[in-house]
Structure formats: structure tokens, C-alpha cells
Asks: 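Submitted below is the structure of interest, expressed as C-alpha cells.
The structure displayed is predicted, hence computed values, not measured ones. Counting begins at 1 with the first residue of the sequence.
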Amino acid sequence: MKIYDFTVKDAKGNDVSLAEYKGKILLIVNTATGCGFTPQYEGLEKLYETYKDQGFEILDFPCNQFANQAPGTDEEIGQFCTLRYHTTFPRFRKIEVNGDNAAPLYKWLKEQQKGVFGRAIKWNFTKFLVDREGNVVGRYGPMTTPAKLEGKIKKLL
């Protein structure tokens with residue numbers, strides 16, 4: 001199984017094949033609107049604006065599994081991110097990243113790159129970096145800011 005075999009739901013509930021992102025560098029992030037790491041949206045948008053024309057995409061998957069920090073609807077989350085942080089990168093339907101109901105994409109991502117504490121996602125704003133061939137080349141915890149990933153992204157581009 002490869003990343004391009006997955007289909008996910010966008011924020012409006014439409015199917016999106018990840019095959020649409022073939023040949024691009026991806027940063028896949030589980031996010032939350034009420035988290036201490038929420039200001040990372042600003043850094044994510046800066047990366048996106050800087051590198052999107054070179055084949056870089058950020059895929060935003062809101063998740064409410066960690067201390068109920070993304071309680072809104074998909075529409076409310078989208079409005080918050082757009083108005084507060086002016087985000088323009090693709091946002092998808094809210095998902096679960098751990099447990100029996102974890103999204104298949106996240107089950108696969110966690111198999112590709114274990115974290116410091118094993119496979120489970122520790123918290124919001126965990127990031128997976130995927131190269132142009134669809135290989136997961138890095139997993140970064142919430143303490144790793146988007147700015148700290150810029151050098152790695154530039155090398156992959």
C-alpha cells in the first residue's frame with residue numbers, strides 16, 4: 001500500500017484521492033483550534049506560501065482526540081483557520097488518529113514512521129513529511145515548529 005492509494009474526505013465531505021498529490025512533497029498534520037500549539041498554523045501557512053509553487057502541499061486533518069481541543073464542526077474549524085490564521089492549504093474532514101477508529105491514512109502513516117513513544121500520535125500538530133515518491137521520510141512531534149522543518153522541505157524540493 002502506498003500513500004497514493006488512500007482516499008480521504010475534504011472538509012465538505014467530498015472524496016479526495018491522495019493520488020492527486022503524486023510528485024509533490026507533503027506535510028501531513030493533525031491539528032486543533034484550541035491547543036497551545038494552534039499558533040503553528042501561522043508557520044504552516046508561511047511554509048505553504050513560500051513553497052507551494054515548487055510542489056509542496058500541507059494536508060491539514062483536524063482531530064479532537066486530545067483534550068477536546070478541536071470541538072467545532074468542519075465548517076467552524078475552517079472559518080477559524082481562515083479568519084484567524086489566513087490559511088489557504090487544503091483542510092480535510094475531522095478525523096481520529098489513534099485507536100480503533102483511527103483513519104486508515106493515519107494507521108498507515110504510523111506504521112511507516114514510529115514516534116518516540118511508539119506508533120501512537122502523542123498530541124496535536126504531529127507532522128509527517130512525505131517525499132515526491134510517496135515515502136514517509138520523517139515524523140515530528142508538536143514541539144517541532146514548522147520553521148524547523150523548512151531546511152528538510154527545501155532539500156526534498
Side-chain angles (χ1 to χ4, degrees), residues 3 6-18 20-21 24-52 56-130 134 136-153 156:
I3 195 163
F6 290 95
T7 297
V8 295
K9 298 274 187 195
D10 70 13
K12 294 184 181 187
N14 301 309
D15 284 343
V16 176
S17 170
L18 293 187
E20 292 180 25
Y21 296 100
K24 295 192 175 203
I25 305 301
L26 304 176
L27 187 63
I28 301 172
V29 188
N30 65 294
T31 61
T33 52
C35 175
F37 296 108
T38 300
Q40 286 191 21
Y41 270 122
E42 188 175 315
L44 290 169
E45 181 62 22
K46 184 176 179 188
L47 281 178
Y48 184 65
E49 286 297 319
T50 302
Y51 299 107
K52 68 180 179 180
F56 173 68
E57 290 285 346
I58 294 174
L59 307 183
D60 175 0
F61 289 90
C63 178
N64 196 37
Q65 281 191 289
F66 304 100
N68 197 36
Q69 293 182 341
T73 65
D74 290 313
E75 185 177 335
E76 290 167 338
I77 290 168
Q79 288 174 352
F80 172 87
C81 293
T82 302
L83 295 173
R84 180 104 187 242
Y85 293 102
H86 311 289
T87 59
T88 58
F89 46 82
R91 183 168 300 99
F92 297 87
R93 181 155 275 177
K94 191 179 345 181
I95 62 165
E96 291 187 14
V97 297
N98 289 328
D100 292 340
N101 296 321
L105 170 64
Y106 265 81
K107 288 179 182 178
W108 182 83
L109 287 168
K110 294 184 300 183
E111 288 174 8
Q112 304 308 302
Q113 287 278 324
K114 291 181 184 174
V116 176
F117 298 100
R119 287 201 169 99
I121 302 292
K122 183 179 176 184
W123 203 255
N124 304 308
F125 290 89
T126 296
K127 302 155 197 78
F128 289 89
L129 188 59
V130 179
V136 181
V137 295
R139 175 178 171 164
Y140 308 94
M143 296 298 287
T144 302
T145 63
K148 289 180 183 173
L149 296 176
E150 187 168 14
K152 295 174 188 322
I153 292 165
L156 291 172

Asks: Work out which heavy atom in Thr144 is nearest to a heavy atom in Lys148; give both atom names and the distance.
Replies: CG2-CB, 4.0 Å
Asks: Please assess Ile3 against Leu26 for the test side-chain contact (heavy atoms from CB on, under 4.5 Å), listing each intermediate value before the final yes or no.
Replies: CA-CA 10 Å; Ile3 195 163; Leu26 304 176; 4.2 Å; yes
Asks: Does a sphere of radius 6.0 Å around CD in Glu42 hold more than 12 heavy atoms from other residues, nucleotides or ligands, not counting ones at 6.0 Å or beyond?
Replies: no
Asks: Restricting to non-hydrogen atoms, name the atom on Tyr140 and the atom on Val137 that form the minimum distance, rounded to 0.1 Å.
Replies: OH-O, 4.4 Å
Asks: Step by step, would you call Phe56 with Phe89 a ring-ring contact (aromatic ring centres under 6.0 Å, His included)?
Replies: CA-CA 10 Å; Phe56 173 68; Phe89 46 82; 9.2 Å; no
Asks: Inspect the contact between Lys94 and Asp74 and indicate whether a charged nitrogen and a carboxylate oxygen are less than 4.0 angstrom apart.
Replies: no
Asks: May I ask you to test the Ile95-Pro62 pair for a side-chain heavy-atom distance under 4.5 Å?
Replies: no
Asks: Please name the pair of heavy atoms, one in Gly36 and one in Pro39, separated by the smallest distance, quoted to 0.1 Å.
Replies: O-CD, 3.4 Å
Asks: How far does CD of Glu75 sit from NZ of Lys12, to the nearest 0.5 angstrom?
Replies: 8.5 Å
Asks: Could you please spell out the steps behind the side-chain contact (heavy atoms from CB on, under 4.5 Å) verdict for Val16 and Val8?
Replies: CA-CA 5 Å; Val16 176; Val8 295; 4.3 Å; yes
Asks: Given Asn98, which of Arg119, Lys110, Gln65 fulfils the side-chain hydrogen bond (donor to acceptor under 3.5 Å, both in side chains) condition?
Replies: Lys110
Asks: For the pair Tyr51 (side chain) and Ile25 (backbone), establish whether a donor and an acceptor sit closer than 3.5 Å, ignoring hydrogens and angles.
Replies: no
Asks: How many angstroms lie between atom CD of Glu96 and atom CD1 of Ile121, to the nearest 0.5 angstrom?
Replies: 12.5 Å
Asks: Are Tyr106 and Ile28 close enough that some pair of their side-chain heavy atoms sits under 4.5 Å apart?
Replies: yes
Asks: Using modelled atom types and a 3.5 Å cut-off, is there a donor and acceptor pairing between side-chain atoms of Glu76 and backbone atoms of Thr73?
Replies: yes
Asks: Nearest 0.5 Å please: distance from the CH2 atom of Trp108 over to the CZ atom of Phe128.
Replies: 10.0 Å
Asks: Measuring only between side-chain heavy atoms, which start at C-beta, is Tyr85 closer than 4.5 Å to Phe80?
Replies: yes
Asks: Taking the basic N atoms (NZ, or NE/NH1/NH2) and the acidic carboxylate oxygens, is any pair closer than 4.0 Å for Lys9 and Asp15?
Replies: yes
Asks: Distance-only, no hydrogens or angles: does the Thr31 side chain make a donor-acceptor pair with backbone N or O of Thr38 under 3.5 Å?
Replies: no
Asks: Kindly compute the distance separating CG (Asn64) from OG1 (Thr33), expressed to the nearest 0.5 Å.
Replies: 8.0 Å
Asks: Where do Gly141 and Lys127 come nearest, in terms of heavy atoms and distance?
Replies: O-NZ, 3.5 Å
Asks: Find out whether Pro142 and Phe66 are in side-chain contact, i.e. whether some heavy atom of one side chain is under 4.5 Å from a heavy atom of the other.
Replies: no
Asks: Counting C-beta onward and ignoring hydrogens, is there a side-chain heavy-atom pair between Val97 and Phe61 closer than 4.5 Å?
Replies: no
Asks: If we ignore angles and hydrogens, is there a donor and acceptor under 3.5 Å between the side chains of Tyr48 and Thr88?
Replies: no
Asks: Just so I know, are the side chains of Gln69 and Phe37 near enough to count as touching, which here means a heavy-atom distance under 4.5 Å?
Replies: no
Asks: Supply the atom-to-atom distance His86 NE2 to Glu49 CD, rounded to the nearest 0.5 angstrom.
Replies: 11.5 Å
Asks: With side chains defined as the heavy atoms from C-beta onward, is the minimum distance between Leu109 and Arg139 less than 4.5 Å?
Replies: no
Asks: How long is the straight-line distance from CZ of Phe92 back to CG of Leu59, given to the nearest 0.5 Å?
Replies: 4.5 Å
Asks: So do the side chains of Thr87 and Leu44 get within less than 4.5 Å of each other, counting heavy atoms only?
Replies: no
Asks: Restricting to side chain to side chain contact (heavy atoms under 4.5 Å, CB included), what partner residues turn up for Ala147, sequence neighbours left out?
Replies: Thr145
Asks: Which atom names give the shortest non-hydrogen contact between Asp100 and Lys107, and what distance separates them?
Replies: O-NZ, 3.7 Å
Asks: Can you see which heavy atom on Ser17 is nearest to which on Thr7, and at what distance?
Replies: CA-OG1, 4.1 Å
